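Accompanying notes for the structure given below.
These numbers come from a predicted model, not from an experiment. For the numbers below, each heavy atom of this structure counts, side chains included, while hydrogens, waters and symmetry mates do not. Just so you know, ligand 1 is whichever comes first in the structure, and atom 1 is the first atom listed for that ligand.
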Amino acid sequence: MGLADITLYLDLNQNGFLDEGEPPTITDINGEYSFQDLPPNIYILREVSPPGFASTTPDPIINVTSGSNITNVNIGNVNNRGEISGTKFNDTNTNGIFDPGENGLANINLYLDLNQNGFLDDGEPPTITDINGEYSFQDLPPDTYIIREAQNPEFDQTTPDPIINVTPGSNITNINIGNVSNRGEINGIKFNDRNANGIFEPGENGLDNFTLYLDLNDNSLLDIGEPATITDEFGFYSFEDLPPNTYTIREVQKLGFSQTTPDPIVDVTPGSDINDVNIGNFSEFSFL
Ligand SMILES: [Ca+2]
Ligand SMILES: [Ca+2]
Ligand SMILES: [Ca+2]
Ligand SMILES: [Ca+2]
């Protein structure tokens, strides 16, 4: 296929550059070109290589004699750009493999870390995963690239940063990168500890409408910004989406109740789901 809009020139001083006074021409829509009215001479024909293309033929050296009409001096170019694509996936079983049943993660920022400093800098190509978690980097000059994520604090990466060698014209697919949520969850029941022994037993019921909170600053008060929840009709509560940390759960004590279990201190690790953190209260009102 002919390539249009390619600049060709006769490199009269043979320095490899298009200088003033050297006849240029631009290929037409069919990729065709011509130099006319040339004094007899030996000419080197070169091109100004457009970005993304590499020359596949040597620069023609042509001996123009008086009255000659030299045709079919064809010059080859090839698109030398490459492409990398893949999926950012939710690696729920943390094995580093995009397994059936695992989903793509949308809106994750990826970039090519050209200067390999671990940060997204100006001039480094960024991309954002689409609704299916898919991404691509296109139009890449041949080089070796490191793909990194501008890490979302809710996730830990489960696969190493891909290091990809892009060769001319390559289309490298299925470079999948795993993430797993590092958030944890705590849940349990606020129960009516009728016999005040600190154990949730048959015959004891949940207590609804109790406010529980994570006492982040450990001052035994519910402060603004501390996660709080209210027990449901079964006394059930949960704290979800918790960054890894050690949490103390306290309650806003109600008149007439005394707590029969210590305030739970819970170590939330990435991805943990901690159940049955039950908290007993003894009621001074026997009708409960
Ligand atoms: Ca997996
Ligand atoms: Ca960088
Ligand atoms: Ca009990
Ligand atoms: Ca507090």
Side-chain angles (χ1 to χ4, degrees), residues 86-106 108 129 132-135 147 149 151-152 154-162 174-183 186 188-208 210-231 234-237 239 242-243 245-254 256-266 268 270-273 276-288:
T87 301
K88 184 79 191 176
F89 65 99
N90 191 2
D91 191 6
T92 51
N93 63 0
T94 70
N95 68 349
I97 297 166
F98 190 15
D99 296 297
E102 292 179 338
N103 300 316
L105 289 168
I108 302 285
T129 59
N132 298 314
E134 292 173 3
Y135 74 90
I147 306 175
E149 170 181 340
Q151 195 69 35
N152 184 320
E154 292 179 28
F155 291 101
D156 292 330
Q157 197 166 309
T158 62
T159 53
D161 292 332
N174 281 315
I175 303 301
N176 301 323
I177 309 166
N179 261 7
V180 69
S181 169
N182 61 19
R183 298 304 163 107
I186 307 168
I189 290 176
K190 180 77 192 167
F191 66 99
N192 186 2
D193 193 3
R194 290 175 184 278
N195 59 3
N197 69 349
I199 300 167
F200 186 26
E201 293 155 293
E204 293 179 337
N205 57 292
L207 290 171
D208 69 356
F210 268 81
T211 298
L212 303 177
Y213 64 98
L214 301 179
D215 192 8
L216 300 180
N217 62 359
D218 203 28
N219 68 347
S220 297
L221 297 172
L222 171 53
D223 297 291
I224 290 172
E226 291 180 334
T229 188
I230 295 173
T231 59
F234 305 108
F236 180 82
Y237 75 91
F239 293 98
L242 298 174
N245 203 346
T246 299
Y247 295 98
T248 302
I249 306 175
R250 298 196 206 275
E251 73 177 25
V252 178
Q253 208 56 251
K254 288 189 181 182
F257 285 92
S258 52
Q259 197 169 314
T260 62
T261 53
D263 291 333
I265 297 172
V266 184
V268 172
S272 62
D273 184 4
D276 298 324
V277 180
N278 301 325
I279 306 166
N281 262 15
F282 177 74
S283 167
E284 293 158 17
F285 305 108
S286 57
F287 58 86
L288 279 169

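In summary, an N, O or S atom of N95 is located under 3.0 Å from the Ca ion (ligand 1). Between the Ca ion (ligand 1) and F98 there is no N/O/S contact shorter than 3.0 Å. Taking backbone and side-chain atoms together, G280 has no N/O/S atom less than 3.0 Å away from the Ca ion (ligand 3). Coordination check, T94 versus the Ca ion (ligand 1): failed, since every N/O/S atom of the residue sits at 3.0 Å or beyond.
Between atom CG of residue N93 and atom CG of residue D99 there is a gap of 4.5 Å, rounded to the nearest 0.5 Å.
In this structure, G206 and I189 approach most closely via the heavy-atom pair CA-CG2, 4.1 Å. Of all the heavy atoms in Q259 and N281, the pair that sits closest is CA-OD1, 3.2 Å. When every heavy atom of L212 is checked against every heavy atom of F239, the shortest pair comes out as O-CZ, 3.6 Å. Between E226 and L221 the shortest heavy-atom distance is OE1-O, 3.0 Å. The two residues N95 and I97 come nearest to each other via the heavy atoms OD1-N, 3.0 Å.
The minimum distance between the Ca ion (ligand 3) and any N, O or S atom of D193 involves atom OD1. Summary: OD2 is the N/O/S atom of D99 found nearest to the Ca ion (ligand 1). Within D91, the N, O or S atom lying nearest to the Ca ion (ligand 1) carries the name OD1.
I265 CD1: 12 or fewer foreign heavy atoms inside a 6.0 Å radius.
The angle I97:O - the Ca ion (ligand 1) - N93:OD1 amounts to 160°, with values rounded to 10 degrees. Between OE1 of E201 and OD1 of N195, the angle at the Ca ion (ligand 3) works out to 90°, rounded to 10 degrees. Here the angle centred on the Ca ion (ligand 3), running from OD1 of N197 over to OE2 of E204, is 150°, rounded to 10°.
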#### Entry: L214 vs I249, side chain to side chain contact (heavy atoms under 4.5 Å, CB included): CA-CA, chis, key distance, verdict
CA-CA 5 Å; L214 301 179; I249 306 175; 3.7 Å; yes
### Query
Do I177 and F98 pass the side chain to side chain contact (heavy atoms under 4.5 Å, CB included) test, and can you show the C-alpha distance, the side-chain angles, and the key distance before you say yes or no?
CA-CA 8 Å; I177 309 166; F98 190 15; over 6 Å; no
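Around the Ca ion (ligand 4), the protein N, O or S atoms found under 3.0 Å comprise D215 OD1, N217 OD1, N219 OD1, L221 O, D223 OD2, E226 OE1, E226 OE2.
Judged by the 6.0 Å distance and 45° axis criteria, K88 is not positioned over the aromatic ring of Y135.
Y213 has its side chain within reach of V252: a pair of non-hydrogen atoms, C-beta onward, lies under 4.5 Å apart.
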